[in-house]
*Asks:* 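Here you go, one structure.
In what follows, residues are counted from 1 in the order of the sequence shown. Note that these values count all heavy atoms, side chains included, but never hydrogens, waters or copies made by symmetry.
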Amino acid sequence: MDQQRVRELVALLPPGATYPAHPRRSPFQARPSASERFALALHDPAFGWHFVQEHLRLRRWLPDTIHEWELLQCFLTQWLKVTDPLMLEVESFRSEVRRQERDLLEALLLARSVTLGDIAGHLHTTEEVVEAYACLFWNVRDRLDERGYLNTLLYPAGWQAAMRDAQPNAIGDRLRLLRAGAQNDVEEVLALAGYQPGSKGGVLTEDSGEVERRMQQDAQRRMRAGCRMEDQVVRAVHTAAVRRKEIALTEDELAASPRRRERKLRMTGRAGSLPTDRTFRRARRKHRRQAGQRQVHWQQIIIGD
């Protein structure tokens, strides 16, 4: 539901509705004003669920202008007091037992590049369940262009407070997931949720550089999550990527630089009669030792003279 549809549903609330239900509101307190109801409804991702509950509480039938099948099915299931497997699974995401799956579902709904079918595949459910949850409890799919609305969900304390508390440990797990989803970083969302994002074709090939890219992304995620000493991992991955780039040099580039050709042959194990790294280290130590001996020899000659 977009913003215009939410405005229409607010106007269709039945007389006597107490939405929004304040936790401290007593029967002696005044009902919410029209402006308060309108403001909270526009920034309430679960307004679809509350809209249905208000009609059920007052024993009012839904208006004829309601065409969303999610609202109708939710209303009829509770009005007729029947068990609907689809609605049963949708409401089960509100349980504390499925909190991690709920956070993953809400984060993926914020990602533009992920379809409802892909989300259902990650959660091992159906596309209808994802669509019904999005309409009833997490209305963000049709409002991804409304930055003000998204900021109230991603930065509850305000944008400035989020900038002041920019430390990774100051952000909760749920907010970190939601913000990664809003940035359309699906791989980071899956990694934070404990999923192992697969590569293209499911196989990481050494020549493609995919191994280094995955390692670097994982190290950056750990750094943002507050882990320490991950800069060493980043440097190691960068060094491995440079070596991989040298291995991938073409014959024309190697012909212009014999030193690069020799280094590539040593790294790929096709050096043939070329000396190994260990031999080079021994020769370098011997050269330094001989240079030191020559320096001592000339010093003795100079002092002797």
Side-chain angles (χ1 to χ4, degrees), residues 1-99 101-103 105-106 109-110 116 119 125-146 148-154 156 174 178:
M1 297 183 295
D2 56 3
Q3 188 183 79
Q4 182 60 32
R5 185 54 178 167
V6 175
R7 295 172 185 267
E8 296 174 358
L9 293 183
V10 172
L12 293 176
L13 283 171
T18 59
Y19 177 85
H22 196 277
R24 295 183 179 180
R25 191 179 299 277
S26 67
F28 302 100
Q29 287 178 314
R31 292 179 179 177
S33 62
S35 59
E36 180 185 5
R37 174 181 299 172
F38 182 77
L40 292 177
L42 285 180
H43 293 81
D44 183 9
F47 176 70
W49 171 263
H50 295 144
F51 179 81
V52 173
Q53 297 305 312
E54 286 294 333
H55 284 80
L56 290 171
R57 186 181 64 83
L58 297 173
R59 305 297 295 175
R60 298 291 184 90
W61 195 261
L62 287 180
D64 297 335
T65 55
I66 301 299
H67 55 79
E68 290 83 4
W69 68 267
E70 302 91 348
L71 300 180
L72 293 172
Q73 189 161 350
C74 178
F75 176 82
L76 291 176
T77 300
Q78 300 182 58
W79 182 275
L80 301 176
K81 297 182 180 180
V82 296
T83 302
D84 185 7
L86 188 145
M87 293 306 304
L88 193 64
E89 185 171 1
V90 170
E91 294 183 29
S92 69
F93 278 102
R94 304 179 64 196
S95 173
E96 186 64 22
V97 179
R98 306 193 69 178
R99 178 180 56 83
E101 296 176 276
R102 179 178 69 248
D103 294 343
L105 171 59
E106 294 178 354
L109 285 173
L110 287 167
L116 296 180
I119 299 175
T125 184
T126 62
E127 187 173 345
E128 290 77 13
V129 172
V130 176
E131 189 174 357
Y133 184 88
C135 179
L136 294 172
F137 300 108
W138 194 244
N139 182 28
V140 297
R141 199 65 176 177
D142 297 330
R143 305 182 65 180
L144 294 177
D145 295 329
E146 302 177 23
Y149 170 65
L150 294 182
N151 283 342
T152 59
L153 303 178
L154 302 177
R174 181 174 181 272
L178 296 181

*Asks:* Once side chain to side chain contact (heavy atoms under 4.5 Å, CB included) is applied, do any residues pair with Val82, and if so which ones, sequence neighbours excluded?
*Replies:* Thr77, Leu80
*Asks:* Side chains of Leu153 and Leu178: closer than 4.5 Å at any heavy-atom pair?
*Replies:* no
*Asks:* Using the test side-chain hydrogen bond (donor to acceptor under 3.5 Å, both in side chains), find all partners of Asp84 that sit at least two apart in sequence or belong to another chain.
*Replies:* Gln73
*Asks:* State, with a plain yes or no, whether a side-chain heavy atom of Leu109 is found less than 4.5 Å away from one of Leu105.
*Replies:* yes
*Asks:* List in chain and number order the residues that pass ring pair (Phe, Tyr, Trp, His ring centres under 6.0 Å) with Trp79, two or more places apart in sequence or in another chain; answer none if no residue qualifies.
*Replies:* Trp61, Phe75
*Asks:* Heavy atoms, side chains only, cut-off 4.5 Å: are Val130 and Val90 in contact?
*Replies:* no
*Asks:* What's the spacing between Phe93 CZ and Leu136 CG if we round to 0.5 Å?
*Replies:* 12.5 Å
*Asks:* Can you list every side-chain hydrogen bond (donor to acceptor under 3.5 Å, both in side chains) pair that touches residues 127-136, not counting sequence neighbours?
*Replies:* Glu106-Tyr133
*Asks:* Under the rule for salt bridge (Lys or Arg N to Asp or Glu O under 4.0 Å), what residues qualify as partners of Asp64, not counting sequence neighbours?
*Replies:* none
*Asks:* Could you state the interatomic distance from OG1 (Thr65) to CG (Leu12), rounded to the nearest 0.5 Å?
*Replies:* 4.5 Å
*Asks:* So which heavy atom on Ala41 is nearest to which on Val6, and how close?
*Replies:* O-CG1, 3.6 Å
*Asks:* Any side-chain heavy-atom pair from Leu154 and Leu110 closer than 4.5 angstrom?
*Replies:* yes
*Asks:* Which residues pass the salt bridge (Lys or Arg N to Asp or Glu O under 4.0 Å) test with Arg143, not counting sequence neighbours?
*Replies:* Glu146
*Asks:* Kindly compute the distance separating CH2 (Trp49) from SG (Cys135), expressed to the nearest 0.5 Å.
*Replies:* 12.0 Å
*Asks:* Can you find a pair of side-chain heavy atoms, one from Phe47 and one from Val10, that are under 4.5 Å apart?
*Replies:* yes
*Asks:* Under the side chain to side chain contact (heavy atoms under 4.5 Å, CB included) test, which residues partner Glu68, sequence neighbours left out?
*Replies:* Met1, Arg5, Ile66, Glu70, Leu71
*Asks:* Would you say that Tyr149 contacts Pro45 through its side chain, given a criterion of any heavy-atom pair below 4.5 Å between the two side chains?
*Replies:* yes
*Asks:* What pairs of residues pass the salt bridge (Lys or Arg N to Asp or Glu O under 4.0 Å) test when at least one of them lies in residues 87-98, not counting sequence neighbours?
*Replies:* Glu96-Arg99, Arg98-Glu101
*Asks:* What side-chain donor-acceptor pairs closer than 3.5 Å can you find for residues 53-60, not counting sequence neighbours?
*Replies:*
unit_1	atom_1	unit_2	atom_2	d
Gln53	NE2	Gln78	OE1	3.3
Glu54	OE1	Thr18	N	3.3
Glu54	OE1	Arg57	NH2	3.2
Glu54	OE2	Tyr19	N	3.3
His55	ND1	Phe51	O	2.9
Arg57	NH2	Gly16	O	3.2

*Asks:* Ring pair (Phe, Tyr, Trp, His ring centres under 6.0 Å) with Trp138: which residues, sequence neighbours excluded?
*Replies:* none
*Asks:* Which atom names give the shortest non-hydrogen contact between Cys74 and Met87, and what distance separates them?
*Replies:* CB-CE, 3.6 Å
*Asks:* Roughly how far apart are Thr125 OG1 and Leu86 CG, rounded to 0.5 Å?
*Replies:* 8.0 Å
*Asks:* Which residues pass the side chain to side chain contact (heavy atoms under 4.5 Å, CB included) test with Ser35, sequence neighbours left out?
*Replies:* Ser33
